[in-house]
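Everything quoted here is computed from the prediction, not taken from an experiment.
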Amino acid sequence: MSRRVRLWLVLAGGAGLAAVLVAACLKLPSFGGDHHPYGDRAVRASLARRTANTISSVNFDQRAFDTLGEMTILFGAVLGCVVLLRQTRDEHRAEPAPAEVARPVRRYALLVLPVALVTGIYVVAHGQLSPGGGFQGGVVAATALHLLYLGADYTALERIRPVGAYEVGDALAASAYVVTGLAALIGSGAFLANTLPYGTFNTLSSGGTVPLLNAAIGMEVASAVVVLLARFLDQAVEIEKESGE
C-alpha cells in the first residue's frame with residue numbers, strides 16, 4: 001500500500017469519525033441543565049438490581065461489555081510488556097546486591113504493607129456497595145506488595161511474587177469474566193446479562209453478577225500490575241548486557 005493511499009484512508013476514517021462525534025454531540029442534553037436522562041436511568045437500574053454503587057452497576061452490569069474491552073486493553077498491555085521486556089541473547093541476569101535501607105523506612109514500609117493489602121482487598125470486596133471496586137482495589141493490592149521492596153530488598157519481594165503464578169492469575173481472571181458472560185448468554189440469551197438473584201440491598205451478597213465480575217476485574221488488575229512492575233524491575237535490577245552495562 002502506497003503512502004498516498006494510507007493518507008487517504010486516514011483522512012476518510014477521520015472524517016467519518018468526526019461526523020459521528022458531531023452528530024452525537026448535537027443530541028446531548030444541554031450543558032448545565034437539571035435533566036440528566038442517562039444518569040437518572042442508570043441510578044434507577046442500579047437501585048432496581050440492588051447495587052448501591054451506581055458506578056459499579058454501570059461498569060459490571062449495564063455496560064459490562066465495555067468493561068470487558070477495558071480489561072482486554074490491560075491484558076494486551078501486559079502481554080506486550082512481557083514480550084518486549086523478555087531477556088534477550090545479549091543479556092544475562094545478575095544477582096542483585098542487597099541495599100542498605102534506613103530503619104525508619106523499613107519500619108514504615110513493613111507496617112503499612114499489611115494495612116494497604118487489606119485495604120485493597122476491602123475495596124474490591126465492597127465495590128458494589130461503596131466507591132472503589134476491582135480496578136482501584138486491584139492497583140492498591142498490587143502496589144502494596146512492593147512496599148516489601150522498599151522496606152527489605154528485591155530478593156524478599158521475589159519470594160512473595162512468583163511472576164509465573166501472577167501471569168496465570170491474570171489469564172484466569174480474564175477468562176472468568178468471559179465465562180461469566182457466556183453463562184449469562186446460555187441462561188438468558190444475552191451476553192453478560194445480570195441473571196443471578198439480586199440479593200439484599202446494601203449487603204455484600206447483593207447486585208447479582210456484579211460482585212463476581214468485580215472480583216474478576218480485581219484479580220486481573222492486581223495480577224497485571226504485579227507482572228508489569230516485575231518486568232520493569234527486572235530490567236532495572238537484574239538484567240545486564242554481556243558488556244556489563
Side-chain angles (χ1 to χ4, degrees), residues 51 53 55-61 63-87 113-114 116-129 132-149 157-188 190-197 199 204-234:
T51 307
N53 183 6
I55 303 301
S56 288
S57 176
V58 172
N59 287 339
F60 305 112
D61 183 2
R63 304 199 62 165
F65 190 77
D66 291 355
T67 303
L68 174 62
E70 296 170 8
M71 180 188 67
T72 304
I73 292 173
L74 179 59
F75 186 82
V78 173
L79 183 61
C81 283
V82 170
V83 173
L84 292 174
L85 298 180
R86 68 189 186 280
Q87 185 176 344
L113 191 156
L117 184 59
V118 171
T119 300
I121 296 173
Y122 177 90
V123 171
V124 174
H126 290 75
Q128 72 273 21
L129 305 178
F135 285 101
Q136 298 86 342
V139 172
V140 173
T143 52
L145 295 178
H146 292 78
L147 288 172
L148 190 60
Y149 174 56
L157 173 63
E158 281 190 316
R159 286 198 293 266
I160 68 167
R161 62 125 175 87
V163 179
Y166 284 96
E167 289 175 345
V168 172
D170 189 7
L172 289 177
S175 300
Y177 196 101
V178 176
V179 168
T180 304
L182 292 175
L185 179 62
I186 296 172
S188 67
F191 184 64
L192 286 171
N194 195 339
T195 55
L196 293 180
L204 284 177
S205 58
S206 62
T209 58
V210 172
L212 297 180
L213 297 176
N214 181 56
I217 288 293
M219 180 178 175
E220 198 273 337
V221 170
S223 300
V225 172
V226 168
V227 173
L228 285 175
L229 292 177
R231 295 304 178 185
F232 284 110
L233 281 174
D234 282 351

Without placing hydrogens or testing angles, list every side-chain donor-acceptor pair under 3.5 Å for residues 65-73, not counting sequence neighbours.
from, atom 1, to, atom 2, distance (Å)
D66, OD2, R63, NE, 2.7
D66, OD2, R63, NH2, 2.7
T67, OG1, N59, O, 2.4
T72, OG1, L68, O, 2.7

Taking distance alone, no hydrogens or angles, what donor-acceptor pairs closer than 3.5 Å link side-chain atoms of residues 169-185 to residues at least two apart or in another chain?
from, atom 1, to, atom 2, distance (Å)
S175, OG, A171, O, 2.8
Y177, OH, A64, O, 2.8
T180, OG1, A176, O, 2.8

Side-chain donor-acceptor pairs of residues 209-220 under 3.5 Å, sequence neighbours excluded:
from, atom 1, to, atom 2, distance (Å)
T209, OG1, N194, OD1, 3.4
N214, OD1, G134, N, 2.6
N214, ND2, V124, O, 2.5

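For P162, the side chain to side chain contact (heavy atoms under 4.5 Å, CB included) criterion is met by A165, Y166, not counting sequence neighbours. In this structure S223 satisfies the side-chain hydrogen bond (donor to acceptor under 3.5 Å, both in side chains) test with no other residue, sequence neighbours excluded. Y122 pairs by the side chain to side chain contact (heavy atoms under 4.5 Å, CB included) definition with H126, not counting sequence neighbours. By the side chain to side chain contact (heavy atoms under 4.5 Å, CB included) test, T119 pairs with V115, V123, sequence neighbours left out. Partners of A230 under the side chain to side chain contact (heavy atoms under 4.5 Å, CB included) rule, at least two apart in sequence or in another chain, are R161, V163.
Within the structure, the side chain to side chain donor-acceptor pair (under 3.5 Å) test picks out no pair touching residues 134-147 (sequence neighbours left out). Among pairs with a residue in residues 224-233, those fulfilling side chain to side chain donor-acceptor pair (under 3.5 Å) read E167-R231, at least two apart in sequence or across chains.
The CG atom of D61 sits 9.5 Å away from atom CG of L192, with the distance rounded to the nearest 0.5 Å. Taken to the nearest 0.5 Å, the CG atom of L117 stands 4.5 Å off from the CD1 atom of I121. Taken to the nearest 0.5 Å, the CG atom of L85 stands 9.0 Å off from the CG atom of D234.
The heavy-atom pair separating A116 from A144 by the smallest distance is CB-CB, 3.6 Å. Among all heavy-atom pairs drawn from G207 and T51, the shortest one is CA-OG1, 3.5 Å.
Checking side-chain atoms of Q128 against main-chain N and O of L204 turns up a donor-acceptor pair under 3.5 Å.
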